[in-house]
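Written below as structure tokens is the structure these notes are about.
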There are 2 protein chains.
Amino acid sequence: MSNVDNVAPLFKDLADHYVACQDCSLYRFCLPLGLHSRDLQLLDKIIKRSQTYKRGQPLFAAETEFTSLYVVRSGSFKTTISTSNGRDQVTGFYFPGEFIGLDAIHQQTYKSNAKALESSSVCELPFDNLQELGKEMPQLQVQLLTRLSKELAGDKGLMLLLGKKAADEKLATFLLSLSQRFKERGFSAAEFQLSMSRGDIANHLGLAVETVSRLFSRFQDEGLITITGKAIALKDMEKLQSLCE
Amino acid sequence: MSNVDNVAPLFKDLADHYVACQDCSLYRFCLPLGLHSRDLQLLDKIIKRSQTYKRGQPLFAAETEFTSLYVVRSGSFKTTISTSNGRDQVTGFYFPGEFIGLDAIHQQTYKSNAKALESSSVCELPFDNLQELGKEMPQLQVQLLTRLSKELAGDKGLMLLLGKKAADEKLATFLLSLSQRFKERGFSAAEFQLSMSRGDIANHLGLAVETVSRLFSRFQDEGLITITGKAIALKDMEKLQSLCE
DNA sequence: TCATATCCATGATCTAGATCAATTAAAGCT
DNA sequence: AGCTTTAATTGATCTAGATCATGGATATGA
């Protein structure tokens with residue numbers, strides 16, 4: 001997640017320093033929520049925090065062995081799945097506190113590709129260790145279940161978007177979803193950086209790049225947004241909202 | 001799930017008689033898989049098995065309080081979500097052994113509508129009881145997690161379908177997905193009844209009814225299938241497969 | 001059993017958004 | 001700093017599939 005000058009950089013140091021769960025600014029979005037202090041320390045021990053990823057670097061690849069879940073610590077990622085003939089679909093964008101890899105549990109194989117969109121870091125949760133811990137920590141299992149359920153609900157919403165919405169409704173819905181997630185994390189809901197390319201946005205929404213580009217221009221002409229490169233400001237949230245239906 | 005004459009009716013009596021989990025023909029698809037006999041009996045006790053639903057009857061409605069997960073025992077269901085202005089998207093079809101309501105866990109509110117497509121029955125799993133049980137039965141939690149993960153992976157596949165596939169690819173993919181699920185359940189992979197309407201299929205695939213109707217006719221002309229009303233036979237699986245990409 | 005509603009098939013037409021094409025603007029690299 | 005590659009914008013054209021329209025087939029129900 002990129003910063004905007006006028007916004008408090010809540011997460012800026014996460015990539016650089018070791019931060020225990022209990023001191024982490026992501027605590028309230030994250031897995032440990034609701035765990036007792038003792039349990040939290042046990043969880044803390046199994047988390048690998050070393051990794052950082054550069055723009056474009058893969059976190060994992062489809063069809064490789066599932067070993068770990070990941071939680072974004074800083075930056076952002078995208079996931080994609082592919083047809084056998086090479087077309088692919090961006091299935092999600094992931095920001096600090098969000099889980100990546102949940103759809104790999106059932107077959108013990110990653111089904112998606114995950115790539116960093118900018119310089120990013122993650123907490124790695126080796127799944128076997130997590131399950132061991134879960135046996136003595138029902139609360140942890142509940143958290144995991146809740147996370148999975150939340151992603152599932154989000155994906156149903158995306159199915160509605162992909163199946164039933166017009167291009168402008170899709171883009172408006174997408175922008176407000178980003179806005180909401182930035183807001184929850186203490187960033188400005190109105191101004192932020194798009195860490196993903198126009199192509200990624202288009203792909204994710206089931207549109208052509210050109211359509212997204214034209215819509216950005218049109219939205220700007222209509223006073224809904226201002227956009228310069230990757231920097232976007234939402235100027236008329238109400239109208240954007242009404243566009244989502 | 002409807003029957004076809006030449007197929008062994010594995011599940012035919014489930015709606016009529018009480019069947020304990022350990023005697024249930026769905027056992028190997030279902031939640032109890034891997035539980036010890038003692039645990040199985042405990043699970044068995046919290047399951048409500050009374051309900052049957054007629055064609056069109058709701059199992060639950062969106063925006064109502066989440067109380068239970070459901071597993072289809074016989075028949076089939078569809079789930080839908082709606083935009084505020086009344087358009088809706090069929091998010092899934094559910095057959096015996098499949099879970100309904102998993103996306104409601106995180107907000108304790110059903111997000112979707114679930115409706116029976118034919119005379120159907122379910123096992124109701126009150127979620128609070130299930131969680132109580134989960135505290136002493138890690139294996140149960142693992143099963144739940146796995147189920148959620150599987151549905152999540154399926155939905156990512158649907159996103160690929162909705163976002164990137166052409167109409168004929170969508171329909172072929174859909175038919176083979178049904179075929180696969182029938183096969184897993186001991187029914188014919190080649191001949192089955194479509195319990196859902198053309199409209200439901202079209203909606204689910206992000207198409208117009210007319211397009212689905214035309215495609216069924218075209219597939220029949222091309223010798224890929226034969227279809228008479230709700231009865232369909234897949235005549236050329238290889239070609240259908242190659243259409244999916 | 002007949003009536004009425006819903007579902008399905010097929011043809012004719014239209015359009016949102018894809019594709020093609022050319023230009024400009026940013027990012028990376030050495 | 002300049003060179004090369006990739007990303008983004010904008011315009012012109014095309015097309016897959018939506019929409020509109022009609023008639024036939026299947027259910028539902030008094």
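Residue numbers begin at 1 in each chain, while the letters A, B, ... track the order of the sequences. The basis for the numbers below is simple: all heavy atoms, side chains too, and nothing from hydrogens, waters or symmetry mates.
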Handout entry: Rounded distance in Å - CG (B:Leu194) to C1' (C:dC8)
Key = 13 Å
Problem - B:Tyr70 ring center within less than 6.0 Å of B:Tyr94 ring center - result: no
When the side chains of residues 197-212 of chain B are checked against the rest of the protein, which donor-acceptor pairs come out under 3.5 Å, sequence neighbours left out?
from     : atom 1 : to       : atom 2 : distance (Å)
B:Ser197 : OG     : B:Gly199 : N      : 3.3
B:Ser197 : OG     : B:Asp200 : N      : 3.0
B:Arg198 : NH1    : B:Gly229 : O      : 3.2
B:Arg198 : NH2    : B:Gly229 : O      : 2.8
B:Asp200 : OD1    : B:Lys78  : NZ     : 2.9
B:Asn203 : OD1    : A:Lys164 : NZ     : 3.3
B:Asn203 : OD1    : B:Val90  : N      : 2.6
B:Asn203 : ND2    : B:Asp88  : O      : 2.7
B:His204 : ND1    : B:Val90  : O      : 2.7

Practice task
Scan side-chain atoms only and decide if A:Ser121 and A:Ser74 contain a donor-acceptor pair under the 3.5 Å cut-off.
Solution key: yes
Practice task
Specify the separation, in whole Å, of atom CG of A:Leu171 and atom C1' of D:dA8.
Solution key: 14 Å
Handout entry: A:Asp200 CG to D:dA7 C1', straight-line distance once rounded to whole Å
Key = 11 Å
Problem - A:Phe66 ring center within less than 6.0 Å of A:Phe60 ring center - result: no
Handout entry: B:Lys150 bridged to B:Glu98 by N-O distance under 4.0 Å
Key = no
Fill in the blank from the handout: side-chain contact (heavy atoms from CB on, under 4.5 Å) filter on B:Ser177, not counting sequence neighbours, yields B:Arg181
Exercise for the section: Could you tell me the separation between the CE atom of A:Met196 and the P atom of D:dA7, rounded to a whole number of Å? Expected result: 15 Å
Handout entry: Whole angstrom value for the distance that separates P of D:dG11 from CG of A:Asp221
Key = 10 Å
Exercise for the section: Have a look at B:Asp168 and tell me which of B:Lys239, B:Arg218, B:Arg214 forms a salt bridge (Lys or Arg N to Asp or Glu O under 4.0 Å) with it. Expected result: B:Arg218
Handout entry: Close side-chain approach of A:Tyr110 to A:Ser68, heavy-atom, < 4.5 Å
Key = yes
Practice task
Taking the side chain as every heavy atom from C-beta outward, state whether A:Thr79 and A:Phe93 have any pair of such atoms under 4.5 Å apart.
Solution key: no
Problem - Side chain A:Arg49, main chain A:Val19, donor-acceptor under 3.5 Å - result: yes
Practice task
Give, ordered by number, those residues of residues 78-90 of chain A having at least one heavy-atom distance below 4.0 Å to an atom of DNA chain C; if nothing qualifies, reply none.
Solution key: none
Handout entry: salt bridge (charged side-chain N to carboxylate O under 4.0 Å, His left out) assessment of A:Glu151 paired with B:Lys156
Key = CA-CA 11 Å; A:Glu151 176 144 1; B:Lys156 305 283 183 192; 2.7 Å; yes
Practice task
Rounded off to whole Å, could you give me the CG-to-C1' distance for the B:Leu215 and C:dA9 pair?
Solution key: 13 Å
Exercise for the section: Let me have a per-nucleotide readout for nucleotides 25-30 of chain D, 5' to 3', with B, S or -, counting only protein heavy atoms under 4.0 Å. Expected result: ---S--
Exercise for the section: Kindly say whether B:Ser213 contributes a backbone atom to a donor-acceptor pair with the side chain of B:Ser217 at under 3.5 angstrom? Expected result: yes
Problem - Presence of salt bridge, B:Lys235 and B:Glu191, under 4.0 angstrom - result: no
Practice task
Would you kindly give the CD1-to-C1' distance between A:Ile227 and D:dA7, to the nearest whole Å?
Solution key: 13 Å
Completion exercise
Students should find that the end-to-end axis angle of the helix from C:dT1-D:dA30 to C:dT30-D:dA1, with five pairs defining each axis and rounding to 10 degrees, is 60°
Practice task
Could you run through nucleotides 10-24 of chain C and give me one letter per nucleotide, 5' to 3': B if any protein heavy atom sits under 4.0 Å from the base, S if only the sugar-phosphate is that close, - if neither?
Solution key: BBB----SSBB----
Practice task
Scan A:Gly199 against the nucleic acid and name what it touches under 4.0 Å (heavy atoms): base, sugar-phosphate only, or nothing.
Solution key: sugar-phosphate
